[in-house]
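Chain A is the first sequence line, chain B the second, and so forth, proteins listed ahead of strands; every chain is numbered from 1.
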Amino acid sequence: MGTSLSLAACFRYSAPMSSFSEDDAFEAASQPVRTPLSQRAMQGARPTTYLDDLNPAQREAVEALDGPVLMLAGAGTGKTKALTSRIVHLFSTGRARPNEILSVTFTNKAAREMKTRVERLLGGAVEGMPWLGTFHAICVKLLRRHAELAGLKSNFTILDTDDQIRLLKQLILANNIDEKRWPARQLANLIDAWKNRAWTPAKVPSGEATAFNNRGTELYEQYQHRLRELNAVDFGDLLLHVVTIFQAHPDVLEQYQRWFKYILVDEYQDTNVAQYLWLRLLAGAHKNICCVGDDDQSIYGWRGAEVGNILRFEKDFPGAKTVRLEQNYRSTPHILAAASSVISGNENRLGKTLWTDKPEGEKLRLIGHWDGDEEARWIGDEIEALEKGTRGLSPYTGDDMAILVRASHQMRAFEDRFLTIGLPYRVIGGPRFYERLEIRDAMAYFRLVTSPADDLAFERIVNQPKRGLGDKAQQKIQMAARANGTSLLDGARILLQDQGLTGKGAAQLSRFIDQIDRWHEVARLHTTAATLADEDDVILDEDRPQAPFGHIELAEQILDESGYTEMWQNDKTPEAPGRLENLKELVKALENFDNLQGFLEHVALIMDNERNDDAEPKVSIMTLHAAKGLEFPVVFLPGWEDGLFPSQRSMDESGLKGLEEERRLAYVGITRAEELCTISFAGNRRVFGQWQSQLPSRFIDELSEEDVEVLTPPGLYGGGFGAASGGSVQSGMEKRMTEANVYNSPGWQRMQARAGNRPVSQPRESRGSVIDMTAASSHTVGERVFHQKFGYGEIIGVEGDKLEIAFDKAGVKKVVAKFVTNPDDVPF
DNA sequence: GAAATCTTGCTTTTT
DNA sequence: GCAAGATTTC
């Protein structure tokens, strides 16, 4: 289980959101007394200690408490430190109490980190920061309070993408639109994009909705309608509804404007239009808003983030103070210089110059490989060498190293390789627990039990495990529900009463309904118990109905008696045991919650999957996006090839804007490295199972050459001519030539020629060498060779011009000698 | 109704 | 090259 998940880790830090009364410091806030938290801040040894720790720029940003502030914080410049110190400063100057500060982040992880660090600064736990969280988590709180203003009940469910797609699919079908031509997935993306722009169906510009036979807006409208019927929202709605409420109900908005005395925003460059409006509305009155961000690290444009928001800040908030944090505490000068040389290619920047007083350190390393497998092999070897300390550097552990890829499919090559050499690794951001089939099914059971009107949950599990309720039976249920205007569960009830369903299916359905009813009753007792316990600390009365058992037992019972567990026990596919294991973990995770409802609420919002609880050091593999905000002493950046990185799709879809975002991604990647950064590319890569030759990324050309050392891959272009030409590089030549013997290699030149972009000169030695070598065809047993189709192999027999070869992957084959080449000088 | 086989489209990136 | 979905087959 390479990507084994630890649910426990996901929930470890979770402040239970089960009851939202605890955050209602809001209403209770009339007491003029200072909270224990700010008291602690005041009496903490000397109130200035946290300020002494800051550099001048950080201190300036922390002390500028009133009015709009833009903190431009470059990579590794101590932005979280500044942000958390600012919070503490707000407390200790008495400007705001913890529950009057709104601080928003994008990820749960960032929110946790901030909470932890504020606590550390204060030397104790923070009890009263209910408004520190992600945009989404905070919006859920707000929306629960004002749900009726959005036509919802306050116990609305938050749909996951899966439910969303299924719902949209139904709509598309109902509208007689060809689902193949216009997939639900695409509609989901479209609607999501609209929501990110804060467009309600009425606000979608007519020119926008050409897709779906010009019926995009119509479908959007129907979808919203359906969501309201289901008392459900999707992710985009969380923001959109709140913004709409604020816009339509100035009294509500005003209440919050007054309440949130200070607003802090992390990663401001990632805000989309809806979030931007949300912030502007809330900050509209006092304008005490401090946005922290780095325009150079804006990498979420594809999901609606607007770099423009940060670029425009000073216009949006006249008189804003801008503070630049430019001292970098993370990387060596070479790394910073190289990163800065790449990012300087972007036009639209606010501009920052990072500097550091760290010692010079190693140059970045650049290396080209024959193909992706070779790249993975080399990096694996390199990691092992670095762990042993054989690179002339002090030994690193796996935890110190990370491989950052552009697209997740690149991970496979590394996983394969690391598995074969037994190198421990961890994949960050892989398939998440809540996306797993069995977890979703189980959750659907829980959902149906807590809210029997949840039709989507019903659909998902009526026939899971098989209850003999196929398409036609389900259609009957649908019809019964629609005819009576009820939920599917009640529709099924009516159907049974009317004898609309008979036989085995009917019996099973009836049993299913009875079970849900019974469990619902228990779940209801749990939630009322929780509410009562919250409201008055009185121990439950004798005569108050009491649940026969706790929510954990309930969950177990649901999964067992419904036959769901059994279904997997009887399943003989190899993944079944893992699924059962996951279900166990799911139940275990319930321990941290009071009842199922609280659990569901939490899971809906938990979108990250942190699992760093392993004792064994492991190399991290993740995407560049997932790496933002992280740092590692050693970083590998493979796959720097045009089309892959920068991604073709990104450039096709968004042109120059897309390219600039890719470049920022490159910047993010390089700046993750503290000491050693290795960029690599491969000449060949399998794309959709098809071999394709690749050109090195244009970003490689943008690296400042004085900060880069070009490595010759051992065994590739090495020995013979490669080494001969490699050492003697003349200065003053075109950059590419000075950069490497890689660039002098036959393969490279071939690639250049193909691209119509020839290097100015070619070292004599390398010309024609390839042909000479292969023409000689003097093969011996034991020799390593390469075959275009079968890959690498070792010669185990020679018969005239026929060779018997044991290929690494393809097995033993007999091939004609002229079809194989020496792996050291394979022509492209 | 379920299993076996064939086809398709897919690779960004995520709250 | 693969996984999901569709289609065919039992």
Got a sec, which residues hit side chain to side chain contact (heavy atoms under 4.5 Å, CB included) with Lys657(A), two or more places apart in sequence or on another chain? Ser654(A)

Can you see if the side chain of Ser650(A) gets near the phosphate of dT13(B) - specifically, an N or O under 4.0 Å from OP1 or OP2? no

By nearest atom, which of the nucleotides dT15(B), dT14(B), dT13(B) is closest to the His136(A) side chain? dT15(B)

Asp163(A)/Arg166(A) ion pair, N-O < 4.0 Å: yes

Distance in angstrom units between Phe235(A) CZ and dT14(B) P, rounded: 13 Å

I'd like to know if the side chain of Asn346(A) pairs up with that of Tyr667(A) as donor and acceptor (distance under 3.5 Å, no hydrogens or angles considered). no

Whole angstrom is fine here: how far is it from CZ in Arg166(A) over to C1' in dA4(C)? 15 Å

Would you mind reading off the distance between Phe135(A) atom CZ and dT14(B) atom P, rounded to a whole angstrom? 18 Å

Choosing from dT15(B), dG1(C), dT13(B), which nucleotide comes nearest the side chain of Thr134(A)? dT15(B)

Contacts under 3.5 Å, N or O only, protein and nucleotides 4-11 of chain B:
{"residue": "dT11(B)", "atom": "O2", "partner": "His409(A)", "partner atom": "ND1", "Å": "3.2"}
{"residue": "dT11(B)", "atom": "O2", "partner": "His409(A)", "partner atom": "NE2", "Å": "2.4"}

With a 6.0 Å cut-off on the ring centroids, do Phe688(A) and His409(A) count as close? no

Take atom CZ of Arg185(A) and atom P of dG5(C), then tell me their distance rounded to the nearest Å. 11 Å

Please classify the nucleic acid contact of Tyr300(A) as base, sugar-phosphate, or nothing, using heavy-atom distances under 4.0 Å. sugar-phosphate

Just how far, in rounded Å, is C1' of dT14(B) from CG of Leu239(A)? 14 Å

How long is the line joining OH of Tyr268(A) and P of dT15(B), in whole Å? 21 Å

Whole-Å gap separating P (dC2(C)) and CG (Asp416(A)): 9 Å

Nearest-nucleotide pick for Thr107(A), side chain only, options being dG1(C), dT15(B), dT14(B): dT15(B)

Output all residues satisfying ring-ring contact (aromatic ring centres under 6.0 Å, His included) with Tyr276(A), sequence neighbours left out; order by chain, then residue number. none

Remember a base hit wins even if backbone is also touched, and classify Glu661(A) as base, sugar-phosphate or nothing at under 4.0 Å, heavy atoms. nothing

Before you tell me yes or no, could you show the steps for His625(A) and Tyr300(A) under ring pair (Phe, Tyr, Trp, His ring centres under 6.0 Å), namely the whole-Å CA-CA distance, both residues' side-chain angles and the distance that decides it to 0.1 Å? CA-CA 8 Å; His625(A) 284 88; Tyr300(A) 286 107; 5.2 Å; yes

Heavy-atom nearest nucleotide on DNA chain B taken for Gly468(A) and for Ser654(A); more 5' hit belongs to Gly468(A)

Taking the side chain of Lys466(A) as heavy atoms from C-beta outward, which of dG1(C), dA2(B), dT13(B) is closest to it? dA2(B)

Rounded to whole Å, the CG-C1' distance (Asn196(A) to dT13(B)) equals 14 Å

Under the side-chain hydrogen bond (donor to acceptor under 3.5 Å, both in side chains) rule, what do Glu662(A) and Ser650(A) come out as? Steps first, then yes or no, please. CA-CA 8 Å; Glu662(A) 295 288 307; Ser650(A) 187; 3.1 Å; yes

